[in-house]
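All values derive from a computational prediction rather than experimental measurement.
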Amino acid sequence: MSLDLSVLNPEQRKAVVNIEGPCMIVAGAGSGKTRVLTYKIAYLIDSGVSPYEILALTFTNKAAGEMKQRVINLTGDAAQKMWIGTFHSIFARILRFEADKLGYSRSFSIYDDDDSISLIKKIMLGKGISVEKFNPYGIQSVISAYKTQIILPEHLEPENSFEKTFLEIYTDYQSLLKQNNAMDFDDLLIKPIELFERYPDVLEKYQERFKFILVDEYQDTNHAQYIALKLLSSKYFNISIVGDDAQSIYRWRGAKIDNIFDFQREFKNVKLFKLEQNYRSTKMILAVADDIIKKNKKRIEKNLWTANKEGEKVHIIEMISDRDEAFRIAKLIKEEMHSKKINFKDIAILYRTNAQSRSFEETFRNNSIPYNIVGGIKFYQRKEIKDILSYLKVIANSNDNEALLRALNLREGIGKATIEKIQSIAKEKNISLYKVLEDIQNYIEVKNGIKNTLIHFSDFIKKYITLKDELKVHEFVSGIIDEIGIIPKLKLENTSEADERINNIQEFKSAVREYYDTNENPTLEGFLEQVSLITDIDELDDKKNAVTLMTAHSAKGLEFSVVFITGLEDGLFPLSSSFDIAEELEEERRLFYVAVTRAKEKLYITYSNQRYRYGELKFQLKSRFLSEISQDVLDKCIVYEKFSKNKLFLDQEAPAVNISIFKNKNITNNRDQTIVYDYNLSDDCFSDIRAGVKVFHNTFGSGVVQSVSGNGLEKRAVILFNDFGLKKIVLKYAKLRVMDN
DNA sequence: CCATTACGTATTTTT
DNA sequence: TACGTAATGG
């Protein structure tokens, strides 16, 4: 035995060497859960289990990649053979092999939520169902909720007209997916179950194949995942699950925290291990975390402790406004940097909703604080990328009508009328849209000019279907991008948005290239699958030295030396929608717990008295969660006492920070002395806008600053725009962006 | 057919 | 506020 287990504590070691039978590892935050999982896999391999027989399921692709690398480091390259990935990616892989048994072809498309919603919209439009009465967005989430519980249209019995309409949509949705040879995210989980139930021999093949199954983040699995696991493991029962009920935060997505509560009942003779020593945080941070989580009724008893130092008290800071919050955190970050021990990348800003990132982005940009942002509009959801993807999808799977329609729509000269014609032909003949296009010359319904465009289009697709297997993926994709001429078209627009789109397309090309370089067996289908299943957190570049901005959800599994949890206001964190539902309020609390336990050394929690929400200034009250924390672990910093006029934001040593778009705003409080805060700082506003600097204006595009006049918020600049000539701009209104060179 | 504009509405979290 | 859809006119 070459594996060194001495790096593990006794309980971790016991969990690692217990390889037979069902095993449940309850792992508190920061207790070395990933390490245990990694060592357990390594230990299996070391004990003679073939990596080929190991299946490990993680929550994100990133976690999978990292874990695989660690196992390889511990045991050698043979570990390449093991299957490790998210439920979605592993099951997609299985489904590709077995697709024909379920009436799909192996090149099936994967639909993301956007695709699903647009499909639902089309169904509703076709049926004349009003979008006001039935929100397609809502329909999609209800369908998804049913599917994760494996409740299919045939299981439903509608009791009123509302339910009847819903069922009609659901039924059509399912059959259209199949017609398009497409699966949505939920199908990736429930189709394997269908497969295993219909084909016991197939199930047995995979039971034999995966003799050892390990699951990470079990507290966030849903019913379908549980059923699939149960099926797969019910021959050898070598299933190890790792999780922490206190960190279950995906109820809204169908995750069932009961899965972890019920595990011992559902699987017989479960060995239970509890990892209770935290290696991550200071005693103070852990005390705060403990205060929070013990308010929850439903939880597995555990006693998280740490041998780490006591550390600083947790700082609670009251802010005047959301801008103030961003600004003062920027300042605190600069102070942390001055203390020298800290890098930007050791710092994270966490918030409840993505919309909160904006004020931080603006402030950080204006103050030269580098940042990484997770979430928001996903790269592969961007219009230009989806446009290109639609071409690729049609080529991979010509049955994919949704993709085909999108691609077709991009062609100049093809509009609603033409598309409707093609659709009606397809419907009449009961063939796919692509089939109609293939011999469009035989249909007299279409006018000649348009017909030529269509022939050109279908020839184009046909050509690339043949080229698909001849060219390397990245060459293939570049060829398509060049030929559809999307880049020159964008160049013509000559706006900053168009430039950004071109950049995105270039980035997309490099992504394909990287896929080609890093995969043993690169195919177009493989690339498309990877794209569909990738998430933002997977893309987080942790090598770049930058502050990380993300939601508390995205932060799960990560750790940072310094953490700011922002917007701890009632109605925001916890969200007001959770107030009346006990389970949801408990989930918000767990989310807060997750956020708190990301911090290693220092934790700041902030709340603001007012905040812009939905474009409206709202007065906010501090979160109920804050009153649940015992006061002796908190260091309260109330803004009114700490900051005096004029020194509010700037101090002599660190004048690097400045404000850019603050409005003139006087805030008064009615304590014993009245303090007026004046945001109108004269000197440092827009200090990055100087003569000679190249800037972007949203309407005028790029230009060069010629001169600057005025002070503070009245500052104006004369700018020579490439396309609009000289303009005098009031900086406070123009959201100028400084270009890098 | 397509571009522009105006209006209306949505915003929690994401594999 | 900010985006997406609907209506309108070219």
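You'll find that the side chain of A:H88 is closest to B:dT15, out of B:dT12, B:dT13, B:dT15. Distance from the side chain of A:R358 is smallest for C:dT1 among the nucleotides C:dT5, B:dT12, C:dT1. For A:L575, whose side chain is taken as the heavy atoms from C-beta onward, the closest listed nucleotide among B:dT15, B:dC1, B:dT12 is B:dT12. The side chain of A:T418 lies closest to B:dC1 when the candidates are B:dT13, B:dC1, B:dT15. Checked against B:dC1, B:dT14, B:dT15, the side chain of A:N354 finds its nearest nucleotide in B:dT14. Nearest nucleotide to the side chain of A:E588, out of B:dT15, B:dT12, B:dT14: B:dT12. With B:dT15, B:dT12, B:dC1 as the candidates, the nucleotide lying closest to the side chain of A:R352 is B:dT12.
Atom NZ in A:K121 sits about 12 Å away from atom C1' in C:dA6, given to the nearest Å. The distance from atom CZ of A:R590 to atom C1' of B:dT13 is 13 Å, rounded to the nearest whole Å. Atoms OH (A:Y218) and P (B:dT15) sit 20 Å apart, rounded to a whole Å. Note: CD1 (A:I117) to P (C:dG4) measures 12 Å, nearest angstrom. The interatomic distance linking A:D322 (CG) with B:dT11 (C1') rounds to 15 Å, in whole Å. Rounded to whole angstrom, the span from the CG atom of A:L189 across to the C1' atom of B:dT14 amounts to 13 Å. When rounded to the nearest whole Å, the span between OH of A:Y137 and C1' of B:dT11 equals 8 Å. Rounded to an integer number of Å, the gap from CD1 of A:I110 to P of B:dT14 is 20 Å.
With A:D324 contributing its side chain and A:M319 its backbone, the two residues share no donor-acceptor pair below 3.5 Å. Side-chain atoms of A:S248 never come within 3.5 Å of backbone atoms of A:D245 as a donor-acceptor pair (strictly under, hydrogens ignored). Between the A:D115 side chain and the A:D112 main chain, a donor and an acceptor come within less than 3.5 Å of each other. Using modelled atom types, one side-chain atom of A:N259 and one backbone atom of A:T221 make a donor-acceptor pair closer than 3.5 Å.
Between A:N409 and the phosphate of B:dC1, there is no side-chain N or O to OP1/OP2 separation shorter than 4.0 Å. Dashed line: the shortest gap from a side-chain N or O of A:S577 to OP1 or OP2 of B:dT12 is not under 4.0 Å. Under 4.0 angstrom from either OP1 or OP2 of B:dT12 there lies no side-chain N or O belonging to A:T551.
No more than 12 heavy atoms of other residues, nucleotides or ligands shown are found within 6.0 angstrom of OH on A:Y146.
A gap of 16 Å separates the P atoms of B:dT11 and C:dA6, to the nearest Å.
Across all strands shown, A:F87 has no heavy atoms under 4.0 Å from either base or sugar-phosphate atoms. Across all strands, A:D220 comes closer than 4.0 Å to no nucleic acid atom at all (heavy-atom distances).
Contact annotation: side chain of A:W252 to base of B:dT13, donor-acceptor pair present below 3.5 Å.
In this structure, CE in A:M82 is found 6.0 Å from NZ in A:K68, a value given to the nearest 0.5 Å.
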